[in-house]
Protein chains: 2
Amino acid sequence: MEPEHSAAILKQLNLKVTPRRQEIMNCLGGERSYLSADEVWNRVKPKLGSIGLPTVYRILDELAVAGVITRIFLSDRKQYYFLCANQGHHHHFVCESCRRVEDVEQCGLDGVSRDIARRSGGRVTSHILQINGVCGTCCQEHAEVML
Amino acid sequence: MEPEHSAAILKQLNLKVTPRRQEIMNCLGGERSYLSADEVWNRVKPKLGSIGLPTVYRILDELAVAGVITRIFLSDRKQYYFLCANQGHHHHFVCESCRRVEDVEQCGLDGVSRDIARRSGGRVTSHILQINGVCGTCCQEHAEVML
DNA sequence: TTCATTGCAAACGGTTTGCAGCAGG
DNA sequence: CCTGCTGCAAACCGTTTGCAATGAA
């Protein structure tokens, strides 16, 4: 992500344009997979000289609240963050081998929502869908690997 | 849940039949919503005289690993547990207002799996789907509440 | 100049662990 | 009896907070 791009986004959010914020956005923008807060920390530390972990948490939280990045909750109780260029509603296919994330456009949720509304009058406000597997590349390279 | 029923399940899992395990299974079996570990703890404490919170965690974990109960992940990073009678492949619609859980039979995942295989040659090994919302009853009672 | 941002250390809270004692089979 | 179960206290670990120092506008 170019500095001007991140600067523009930050200004639009009424956040000051600081090296820490730009570097974190740049870091996530260059990744195809989810990163935890401390993974982001380790990646931006060398480029910034130093940065505190709480700062990383604060910036990630701001960006997630603003909707610039997505928070991912996995079963290990750690939070992961992902900057996805795709703006529309979609989900992720996560490769268990290389952690790469692919977009999944379709999800059967429209049907489910309609079903719930029809059956019990309920309303769906959010849903968590994550598809785990092995991506095409890893399937070929490590055909025998199973985790 | 009757004592004989929980005892049978425990024996099948090669777990000793203890009052603590039975009372926790009984507690979850009598709930239509998910409970956190300390909520289970507070419910079973009076019936057992005393029980340690770590014991509650250990038993809930055993039951979840064995598939007897389901772990529910919400964004507060606490783990919740739910005993579901439905054995087949299905998902849950979780009411954010009253915490009631409804079964969702259909999930559009077959189509997604086929799509991933066709498009990139990847292979789906597992998926997580949880649908959050407001159930029919709560929609009527608290039409104005939004969280 | 001024208020948002950051670093540091310490607190927080849900969960797990180590180990000694207890109890089901 | 002999494991497996449990209680207790303390550790763990990701995350948050308080506060003083710094820096963007």
Side-chain angles (χ1 to χ4, degrees), chain A residues 3-4 6-25 27 34-66 68-69 71-82, chain B residues 3-4 6-27 34-66 68-69 71-81:
Chain A
E4 318 84 53
S6 51
I9 294 174
L10 288 170
K11 278 177 191 154
Q12 202 177 343
L13 300 173
N14 281 318
L15 295 173
K16 292 190 175 172
V17 179
T18 67
R20 263 121 254 254
R21 286 188 174 134
Q22 286 190 285
E23 194 52 47
I24 286 177
M25 292 178 74
C27 166
Y34 303 121
L35 294 181
S36 63
D38 65 293
E39 286 167 338
V40 171
W41 189 40
N42 285 313
R43 277 168 169 73
V44 297
K45 243 189 301 189
K47 303 196 177 179
L48 289 167
S50 89
I51 176 173
L53 185 53
T55 302
V56 174
Y57 275 103
R58 282 189 276 237
I59 293 177
L60 289 173
D61 188 58
E62 289 164 354
L63 295 176
V65 167
V68 176
I69 62 178
R71 244 192 267 266
I72 304 294
F73 300 99
L74 300 183
S75 52
D76 60 1
R77 293 183 298 117
K78 287 172 67 176
Q79 297 187 36
Y80 292 88
Y81 302 87
F82 184 60
Chain B
E4 318 85 52
S6 51
I9 293 175
L10 289 171
K11 278 176 192 155
Q12 203 177 343
L13 299 172
N14 280 320
L15 295 173
K16 292 191 174 170
V17 179
T18 67
R20 262 122 255 251
R21 287 189 172 133
Q22 287 191 285
E23 194 52 48
I24 286 178
M25 293 178 76
N26 184 48
C27 166
Y34 53 89
L35 295 178
S36 65
D38 65 292
E39 286 167 339
V40 171
W41 188 41
N42 285 314
R43 278 168 169 74
V44 298
K45 243 188 301 188
K47 302 196 179 180
L48 289 167
S50 89
I51 177 174
L53 185 53
T55 301
V56 174
Y57 274 102
R58 282 188 275 236
I59 293 177
L60 288 172
D61 187 59
E62 289 164 354
L63 295 176
V65 167
V68 176
I69 61 178
R71 258 190 255 265
I72 291 182
F73 302 102
L74 301 181
S75 52
D76 62 1
R77 292 183 296 116
K78 287 172 66 176
Q79 299 188 34
Y80 294 88
Y81 302 87

Find the distance [X]:[atom1] to [N]:[atom2] and express it as a whole number of Å.
X: B:Asp61; N: D:dT6; atom1: CG; atom2: P; value: 13 Å
X: A:Leu48; N: D:dT22; atom1: CG; atom2: C1'; value: 15 Å
X: B:Glu23; N: D:dT6; atom1: CD; atom2: C1'; value: 16 Å
X: B:Tyr57; N: C:dG13; atom1: OH; atom2: P; value: 13 Å
X: A:Leu35; N: D:dG14; atom1: CG; atom2: P; value: 15 Å
X: B:Trp41; N: D:dT6; atom1: CH2; atom2: C1'; value: 14 Å
X: A:Ile51; N: C:dT6; atom1: CD1; atom2: P; value: 7 Å
X: A:Leu53; N: C:dA11; atom1: CG; atom2: P; value: 18 Å

Nucleotide of [options] approaching [X] most closely (side-chain heavy atoms):
X: A:Thr18; options: D:dT6, C:dG25, D:dA24; result: D:dA24
X: A:Pro54; options: D:dA25, D:dT6, D:dT16; result: D:dT16
X: B:Arg58; options: C:dT15, C:dA9, D:dG7; result: D:dG7
X: B:Ala37; options: D:dC5, C:dT15, C:dT5; result: C:dT15

Which residue lies more 5' along DNA chain C, comparing B:Tyr80 with A:Thr55 via nearest heavy atoms: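 Result: A:Thr55.
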Heavy-atom nearest nucleotide on DNA chain C for B:Asp76 versus A:Arg21: which residue maps closer to 5'?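 Upstream on the strand: A:Arg21.
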Whether the side chain of B:Arg21 engages the backbone of B:Lys16 through a donor-acceptor N/O pair (distance < 3.5 Å, no angle test) should be reported.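 Yes, because the side chain of B:Arg21 sits within donor-acceptor range (under 3.5 Å) of the backbone of B:Lys16.
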Does the side chain to side chain contact (heavy atoms under 4.5 Å, CB included) test come out yes or no for A:Trp41 and A:Ile51, once each step is laid out? CA-CA 8 Å; A:Trp41 189 40; A:Ile51 176 173; 3.8 Å; yes
Hey, what do you get for CD (A:Gln22) to SG (A:Cys27), rounding to the nearest 0.5 Å?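 That separation rounds to 13.5 Å.
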Over all strands shown, is A:Ser36 touching base, sugar-phosphate only, or nothing at heavy-atom distances under 4.0 angstrom?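 The answer is nothing, as A:Ser36 stays clear of every strand by at least 4.0 Å.
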Once you apply a heavy-atom cut-off of 4.0 Å, does A:Lys78 come out as touching a base, just sugar-phosphate, or nothing?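 Contact class for A:Lys78: sugar-phosphate only.
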Nearest-nucleotide comparison on DNA chain D, the residue closer to the 5′ end among B:Arg77 and B:Val56: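 Checking each residue's closest nucleotide, the 5'-ward one belongs to B:Val56.
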Smallest separation among heavy atoms of A:Asn42 and A:Lys45, with atom names: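 Taking A:Asn42 first and A:Lys45 second, the nearest heavy atoms are OD1-NZ, 3.4 Å.
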Considering non-hydrogen atoms only, spot the tightest contact between B:Glu39 and B:Tyr80 and give its length.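 That would be OE1-CE2, 4.3 Å.
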